Student: 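Got a structure for you, questions after.
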Amino acid sequence: MGRRRAPGPLDYARRWPLRLWVAGVMLFLYLPLASLIAFSFNDSRRTIRWQGFTFGWYGRLASDDALIAAFANSLTIAAMSTVVSVVLGAMAAVALWRFRFPGRSAFDGVITLPIVVPEICMGVAMLVFFGTIAPWPRDLAWPFDLGAIAIAHITFSFPFVTVVVRARLASFNREMEEAARDLGASELRALWDVVLPHMRPALISGALLAFTLSLDDFVITFFTAGPNTVTFPVKIYSMVRFSVTPEVNAASTVLMAITVILTLIGMTLQGTDIAKTEGA
Amino acid sequence: MLIRFENVTKRFGRFAAVDNVSLDIAAGEFFALLGPSGCGKTTLLRMLAGLEPLSEGRILIDGIDMAGTPPNRRPVNMVFQSYAVFPHMTVADNVAYGLKIDKVPRAQRETRVAEALDLVKLGDFAQRRPDQLSGGQRQRVALARALVKRPKVLLLDEPLSALDAKLRDAMRGELAAIQREVGVTFVMVTHDQDEALAMASRCALMNLGKLQQVASPGDLYEHPANRFVADFIGSINLFEGTLAPDNTFATAALDTPVLIEPGATAGPAWIGIRPEKIVMTPASAPRPTGPAARPAANVTRGTIVTSAYLGATTQYDVRTGSGTLIKVTAPNGTRSTSPALPVGTAVWLHWAPDAPVVLYG
């Protein structure tokens, strides 16, 4: 009947000053990215003038062996880092949620430290650590030469997984675990059969978070990478040092596309999964 | 005895949630642990399931001390208050879960799951997911999941509290019927006395961690062991006074002596009279005669202060000459809707000598 509905956020956009404001914000946020993507299709060596549409720069990327190698390195590091981060992060989350132990609150505080410590400090710390304290053996066969970078990435990725998984565990009904125990499951089996499925959406989004964090990272990687262990972002940086070419634009667009797609996948998976488990 | 609690105590810090409880439950009983919230009944149930360690005492099932036996090795299964149905499994998988862990062969497992689902009338819902079920259906899943393991004891934690009133009444009868059919011993925790009285063959009433009385529903109501029990179960008029050796009870609250049945110990005591055991007649009618042995006793006068029409009965509060409020419940035996005794009417109250119960604590 005549019941008034609270205006949704988009209702305000019907008023023109707000529309203008939203347009301004959008422009400010996305114009640089949009121009980067646009100029990656520009048929000209110079970046400022539009000459015509081409896929040429993407072709150049595909034939650039050094760039492909850097891309393979990045994906490999991201995969290693993701697997270890999810396992470590989930275990830390379960430990903090489930158990009381001496030093628990200290552990709780320290675990999020890598999230708040400035990246440059982490980078320098890694440089010093792998440079002098525990040098990563040189001349290892691929992919073992990427170990130092992977370890560095795990250090700053797994706390994110812990945070996400812990938030999910907070909504777990403890009677569910007790029911599994009551029906004959050992403690470990109950964790596996009942707690783990509840954690699943958080594990997926945590994994995607860790993957994109690793794929994107420049600062910390820059300090840990050697001459033979160049990652995609580091390679783009070295290309920019000479000049910003459409090739760089194309490489950045690829990186961006991967990140966006992974994030979208993560969000959809999490959305459907939560809808499924929330019923009970 | 199937279950024996021996001096069981549970302390949380200095607070004793369960205080020195000793209790026997026989095989085949439908036993209810009843009490106000926080009385320790749920803790007692969880200790029986093995989900909570004991501070002191022993729990024996079939003569075997359960100390050190984890919940997954006890011959008991539980229906949790939140039902705790696994949301990522179908109804059939939920029910089969315990059997899978016990490595029951597949064919046998399927038969037993089907039987259990038929028992709780969920045969057509086997492939549904829990989020497609109503609250009552989820409870049946939890029930089937526990019963399919053929436990010696089935534990139910507030089984009906999350259901709406109509469903609760239906489930009451159904749970009792299922218990008769499977013959498993049921131990139910509830704060709802109607639930306990209607379903249980025996009840234990608890308060502040201590057992107050263990008795059949009828005995709990008609022969309460103390004032807490009398007051918790149903509604009652309690009067403090002194019982003389001639079986008359004198109290300042009533301006009539009260004659009770012989056999009670003389001395300071309380009496309790249930509202439905008091007969009310209008003051315009002749004074009712008291008991043959003492016609002056068990009759008093008052004025109706409030009345509440409840359909089957009407509840009255009557203020006597001495200022005491007495609760009276009268059946509505006719279809007349105009109150025969409206508020303000002066009335006679009287009761039989066997109506009052004598309480000492």
Side-chain angles (χ1 to χ4, degrees), chain A residues 86 90 93-94 97-102 104-105 164-207 266 268-280, chain B residues 42 45-46 48-52 69-91 93-104 128-135 137-139 141-142 144-151 153-155 157-158 162:
Chain A
V86 167
V94 170
W97 166 71
R98 184 75 167 73
F99 303 110
R100 294 170 173 280
F101 48 89
R104 184 185 175 279
S105 50
V164 175
V165 173
R166 258 185 103 180
R168 178 70 183 154
L169 281 174
S171 69
F172 182 73
N173 174 8
R174 286 295 284 272
E175 283 196 343
M176 213 90 86
E177 192 189 353
E178 289 177 346
R181 296 276 284 137
D182 182 70
L183 291 166
S186 65
E187 233 166 315
L188 204 64
R189 177 102 195 240
L191 192 75
W192 187 262
D193 285 347
V194 180
V195 185
L196 200 66
H198 182 83
M199 284 161 59
R200 221 178 68 116
L203 292 178
I204 292 171
S205 58
T268 5
L269 279 180
Q270 200 177 15
T272 52
D273 235 71
I274 286 176
K276 230 181 264 168
T277 49
E278 224 63 341
Chain B
T42 300
L45 193 78
R46 288 173 59 83
L48 183 54
L51 297 169
E52 205 82 66
T69 307
N72 47 329
R73 299 231 178 77
R74 295 194 180 197
V76 303
N77 284 109
M78 184 146 160
V79 175
F80 288 83
Q81 187 171 11
S82 69
Y83 313 145
V85 173
F86 306 136
H88 56 287
M89 297 182 193
T90 62
V91 168
D93 287 343
N94 261 284
V95 179
Y97 182 76
L99 300 178
K100 265 185 205 156
I101 286 175
D102 291 351
K103 302 204 168 67
V104 174
R128 295 272 191 105
R129 288 193 158 263
D131 57 358
Q132 298 168 313
L133 301 179
S134 69
Q137 289 168 332
R138 264 182 240 169
Q139 182 186 42
V141 175
R145 187 176 68 176
L147 281 173
V148 79
K149 298 247 325 181
R150 295 179 185 154
V153 188
L154 183 82
L155 310 178
D157 186 5
E158 299 276 2

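Just so we're clear, the structure is a prediction, and the values are computed from it rather than from any experiment. Naming: A, B, ... by sequence-line order, numbering from 1 per chain.
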Student: Of all the heavy-atom pairs spanning B/Phe86 and A/Met176, show the shortest one and how long it is.
Tutor: CE2-O, 3.4 Å
Student: Rounded to the nearest 0.5 Å, what separates atom CD in A/Glu178 from atom CD in B/Glu52?
Tutor: 8.0 Å
Student: Does any backbone or side-chain atom of B/Gln81 lie under 4.5 Å from a heavy atom of chain A? Answer side chain, backbone, both or neither.
Tutor: both
Student: Test A/Leu183 against every option in B/Asn94, B/Asn77, B/Asp102 by the side-chain contact (heavy atoms from CB on, under 4.5 Å) rule and name the one that passes.
Tutor: B/Asn77
Student: Under 4.5 Å from any heavy atom of chain B, what part of A/Arg174 do you find: side chain, backbone, both or neither?
Tutor: neither
Student: Would you mind checking which part of B/Arg74 comes under 4.5 Å of any heavy atom in chain A, side chain (CB onward), backbone (N, CA, C, O), both or neither?
Tutor: neither
Student: Kindly say whether B/Pro87 contributes a backbone atom to a donor-acceptor pair with the side chain of A/His198 at under 3.5 angstrom?
Tutor: no
Student: Calculate, to the nearest 0.5 Å, the distance between atoms CG and CZ belonging to A/Asp182 and B/Arg145 respectively.
Tutor: 8.5 Å
Student: So which of B/Arg73, B/Arg46, B/Gln132, B/Met89 has the biggest tally of heavy-atom pairs under 4.5 Å with chain A?
Tutor: B/Arg46
Student: For the candidates B/Gly98, B/Pro151, B/Ala84, which exhibits the highest count of non-hydrogen atom pairs separated by less than 4.5 Å from chain A?
Tutor: B/Ala84
Student: Which atom names give the shortest non-hydrogen contact between A/Arg189 and B/Ile101, and what distance separates them?
Tutor: NH1-CG1, 3.5 Å
Student: Please give me the minimum heavy-atom distance between B/Ser82 and A/Asn173, naming the atom from each residue.
Tutor: OG-ND2, 2.9 Å
Student: Against chain A, label B/Tyr97 side chain, backbone, both or neither, depending on which of its atoms sit under 4.5 Å from a heavy atom there.
Tutor: side chain
